[in-house]
**Q** 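This is the structure I want to talk about, given as structure tokens.
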Amino acid sequence: MSAFGKNTSAIGLVTNTTLNPEDVNYKWEDQGIVIQSVPGRDLWNAIDPNLIFDENGTPWLDFGSFWSGLKMVKLNPDLKTLAKPEAWHTIARRDRASDLKDEDAGNAALEGPFIFTKGDYYYLFLSWDYCCRGEESTYKLVVGRSKSVTGPYVDKEGIELNKGGGSLVIEGNKNWYGVGHNSVFTFDGKDYTFMHGYDASDKGLPKLIVKEITWIAGWPTVKPMD
């Protein structure tokens with residue numbers, strides 16, 4: 001839940017015992033707010049949640065956009081309350097102009113974290129630059145990796161993502177104005193990234209894009225946009 005362009009935001013949780021809408025027990029139940037950001041108190045934004053379990057089964061919530069970067073916080077096993085003592089990490093950030101007011105989202109454009117495990121690594125995918133602007137969209141997908149769920153995540157050049165690093169996975173072109181905000185899942189032994197892009201042939205409308213991932217020297221690669 002978010003006021004667009006403001007960090008008046010919250011991440012909530014709803015649960016259901018079944019995903020079958022024909023089941024008599026099918027009912028989404030509100031579990032309340034897990035975390036929220038408050039202007040004037042927080043310099044982060046509570047949107048774009050991604051839940052990841054580490055190698056010990058501990059749940060972590062990564063989230064965020066703009067402001068001071070993408071955050072991660074440890075959850076309790078109930079997945080709806082923060083573990084105590086609270087454990088927070090900044091997992092990715094970009095330089096933010098120092099003269100901006102705190103209520104300004106700023107120019108450090110990044111959002112949409114998604115963590116995927118492969119081999120010995122956690123891979124942090126995130127989107128740089130701007131979505132949602134039709135032909136003015138500049139979205140692109142970048143990645144870093146770490147052997148610890150809390151990071152630091154580094155790119156191919158060894159630059160930490162929380163210090164502005166990020167290796168390009170895919171970006172837009174003349175046919176697609178921007179591509180990003182992804183997730184990664186495995187089907188039948190193959191890994192795929194799911195994302196959206198703005199179709200130049202259809203008035204810049206956003207559309208679903210699916211690309212198979214090929215892993216080269218431990219890094220995810222996909223074919224460029226057609």
Side-chain angles (χ1 to χ4, degrees), residues 1-19 21 26-54 57-94 96-97 100-116 122 124-133 137 139 141-142 149-151 153 161-162 166 178 180-185 194-196 206 208:
M1 302 165 281
S2 177
F4 191 82
K6 300 180 180 180
N7 66 333
T8 304
S9 303
I11 296 169
L13 176 68
V14 294
T15 59
N16 202 331
T17 58
T18 176
L19 294 179
Y26 181 84
K27 180 182 179 182
W28 290 103
E29 297 183 334
D30 184 6
Q31 304 296 327
I33 290 174
V34 178
I35 193 169
Q36 67 184 106
S37 54
V38 179
R41 185 193 73 178
D42 305 310
L43 200 61
W44 45 265
N45 199 17
I47 69 168
D48 298 348
N50 169 231
L51 177 67
I52 180 70
F53 293 86
D54 67 18
T58 302
W60 296 84
L61 189 70
D62 50 290
F63 59 91
S65 73
F66 287 75
W67 279 275
S68 64
L70 307 184
K71 308 299 180 180
M72 172 178 279
V73 66
K74 185 190 293 187
L75 298 181
N76 284 316
D78 63 10
L79 306 183
K80 58 184 179 182
T81 55
L82 304 188
K84 301 292 183 179
E86 292 186 11
W88 289 78
H89 301 270
T90 297
I91 54 175
R93 62 178 295 276
R94 300 176 77 183
R96 172 184 169 89
L100 293 174
K101 295 181 179 180
D102 286 355
E103 60 266 26
D104 190 329
N107 57 339
L110 74 172
E111 60 189 11
F114 191 93
I115 297 175
F116 180 75
Y122 296 92
L124 171 58
F125 295 84
L126 63 148
S127 296
W128 277 2
D129 300 335
Y130 296 93
C131 78
C132 317
R133 300 185 178 193
S137 299
Y139 240 15
L141 186 65
V142 302
V149 72
T150 56
Y153 290 86
L161 268 60
N162 60 14
H181 209 136
N182 82 316
S183 59
V184 180
F185 294 99
F194 299 79
M195 50 204 158
H196 64 77
L208 173 67

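Quick caveat: nothing in here was measured; it's all calculated off a predicted structure. Count residues from 1 along the sequence.
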**Q** Please give me the minimum heavy-atom distance between Leu100 and Gly106, naming the atom from each residue.
**A** CD1-CA, 3.4 Å
**Q** What's the shortest heavy-atom distance between Pro59 and Phe53, and which atoms?
**A** CB-CE2, 3.7 Å
**Q** Would you say that Thr8 contacts Ser37 through its side chain, given a criterion of any heavy-atom pair below 4.5 Å between the two side chains?
**A** no
**Q** Can you check side chain to side chain contact (heavy atoms under 4.5 Å, CB included) on Phe114 and Phe185, steps first, answer last?
**A** CA-CA 11 Å; Phe114 191 93; Phe185 294 99; 4.0 Å; yes
**Q** What distance separates Ile52 CD1 from Asp54 CG, expressed to the nearest 0.5 Å?
**A**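 CG of Asp54 is found 8.5 Å from CD1 of Ile52.
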**Q** Without swapping roles, check the side chain of Asp42 against the backbone of Val38 for a donor-acceptor pair under 3.5 Å.
**A**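 Yes.
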**Q** I want to check something: taking the side chain as every heavy atom from C-beta on, are Leu61 and Asn50 in contact at a cut-off of under 4.5 Å?
**A**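 When only atoms from C-beta onward are counted, Asn50 and Leu61 do not touch, as no gap falls below 4.5 Å.
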**Q** Return yes if some donor-acceptor pair links the side-chain N/O of Asp62 with the main-chain N/O of Met72 below 3.5 Å, else return no.
**A** no
**Q** Answer whether the closest heavy-atom distance between the side chains of Ile33 and Met1 falls below 4.5 Å.
**A** yes
**Q** Hey, do the aromatic rings of Phe125 and Tyr153 have their centres closer than 6.0 Å?
**A**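 No, ring centres 6.0 Å or more apart.
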**Q** Is it the case that the side chains of Tyr26 and Trp28 hold a donor-acceptor pair, with the cut-off being a distance below 3.5 Å and no angle test?
**A**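 Yes - a donor-acceptor pair under 3.5 Å links their side chains.
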**Q** Will you find, in the side chains of Lys71 and Ser68, an N or O donor that is under 3.5 Å from an N or O acceptor?
**A** yes
**Q** What is the distance from atom CD1 of Ile35 to atom CD of Glu86, rounded to the nearest 0.5 Å?
**A**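 CD of Glu86 is found 7.5 Å from CD1 of Ile35.
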**Q** How many angstroms lie between atom CD1 of Ile11 and atom CD1 of Ile47, to the nearest 0.5 angstrom?
**A**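 Atom-to-atom, Ile11:CD1 and Ile47:CD1 are 8.0 Å apart.
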**Q** Mind telling me whether Tyr139 and His181 have parallel, tilted or perpendicular rings, with 30° and 60° as the class edges?
**A** tilted
**Q** Working note: Met195 + Ser183, criterion side chain to side chain contact (heavy atoms under 4.5 Å, CB included); need CA distance, chi angles, decisive distance, verdict.
**A** CA-CA 7 Å; Met195 50 204 158; Ser183 59; over 6 Å; no
**Q** What's the shortest heavy-atom distance between Trp128 and Leu110, and which atoms?
**A**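 Shortest heavy-atom separation between Trp128 and Leu110 comes out as CD1-CB, 3.9 Å.
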**Q** Please answer whether the main-chain N or O of Gly32 pairs with a side-chain N or O of Asp30 as donor and acceptor at a distance below 3.5 Å.
**A**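 Side chain of Asp30 to backbone of Gly32, a donor-acceptor pair under 3.5 Å: yes, one is there.
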**Q** Give a yes or no on whether the backbone of Leu19 and the side-chain of Asn16 come within a donor-acceptor separation of less than 3.5 Å.
**A**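 Side chain of Asn16 to backbone of Leu19, a donor-acceptor pair under 3.5 Å: no, none is there.
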**Q** Checking Ile91 against Asn162 for the side chain to side chain contact (heavy atoms under 4.5 Å, CB included) test, could you report, in this order, the C-alpha distance in whole Å, the side-chain angles of both residues, the deciding distance, and whether it holds?
**A** CA-CA 5 Å; Ile91 54 175; Asn162 60 14; over 6 Å; no
**Q** When you measure from the side chain of Asn182 to the backbone of Leu126, do you find a donor-acceptor pair of N or O atoms at a distance under 3.5 Å?
**A**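 Absent.
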**Q** To the nearest 0.5 Å, what is the distance between CH2 (Trp67) and CZ (Arg93)?
**A**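 If I round to the nearest 0.5 Å, the distance is 15.5 Å.
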**Q** Report the residues that fulfil side-chain hydrogen bond (donor to acceptor under 3.5 Å, both in side chains) with Gln31, sequence neighbours left out, ordered by chain and then residue number.
**A**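 Partners of Gln31 under the side-chain hydrogen bond (donor to acceptor under 3.5 Å, both in side chains) test: Thr15, Lys80.
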**Q** Should the pair Phe63 and Trp44 be assigned to parallel (<30°), tilted (30 to 60°) or perpendicular (>60°) ring geometry?
**A**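 Phe63 and Trp44: perpendicular rings.
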**Q** Between Asn45 and Ser65, do the side chains contain an N or O donor and an N or O acceptor separated by less than 3.5 Å?
**A**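 Note: Asn45 and Ser65 side chains meet the donor-acceptor criterion.
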**Q** Nearest 0.5 Å, please: how far is CG in Leu161 from CG in Leu70?
**A**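 If we round to the nearest 0.5 Å, Leu70:CG and Leu161:CG are 8.5 Å apart.
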**Q** Nearest 0.5 Å, what's the OG-NE2 distance between Ser137 and His196?
**A**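 So the OG of Ser137 and the NE2 of His196 are separated by 8.5 Å.
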**Q** Show the nearest heavy-atom pair for residues Leu82 and Trp88, with the distance to one decimal.
**A**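 Nearest heavy atoms, Leu82 then Trp88: CD1-CZ2, 4.1 Å.
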**Q** How far apart are the closest heavy atoms of Ala92 and Leu124, and which atoms are they?
**A**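 Ala92 and Leu124 have their closest heavy atoms at CB-CD2, 4.3 Å.
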**Q** How close do Ala46 and Ser9 get, counting heavy atoms only, and between which atoms?
**A** O-CB, 3.4 Å
**Q** When you look at Asp129 and Arg94, which way does the salt bridge (Lys or Arg N to Asp or Glu O under 4.0 Å) test go after all the steps?
**A** CA-CA 10 Å; Asp129 300 335; Arg94 300 176 77 183; 3.0 Å; yes
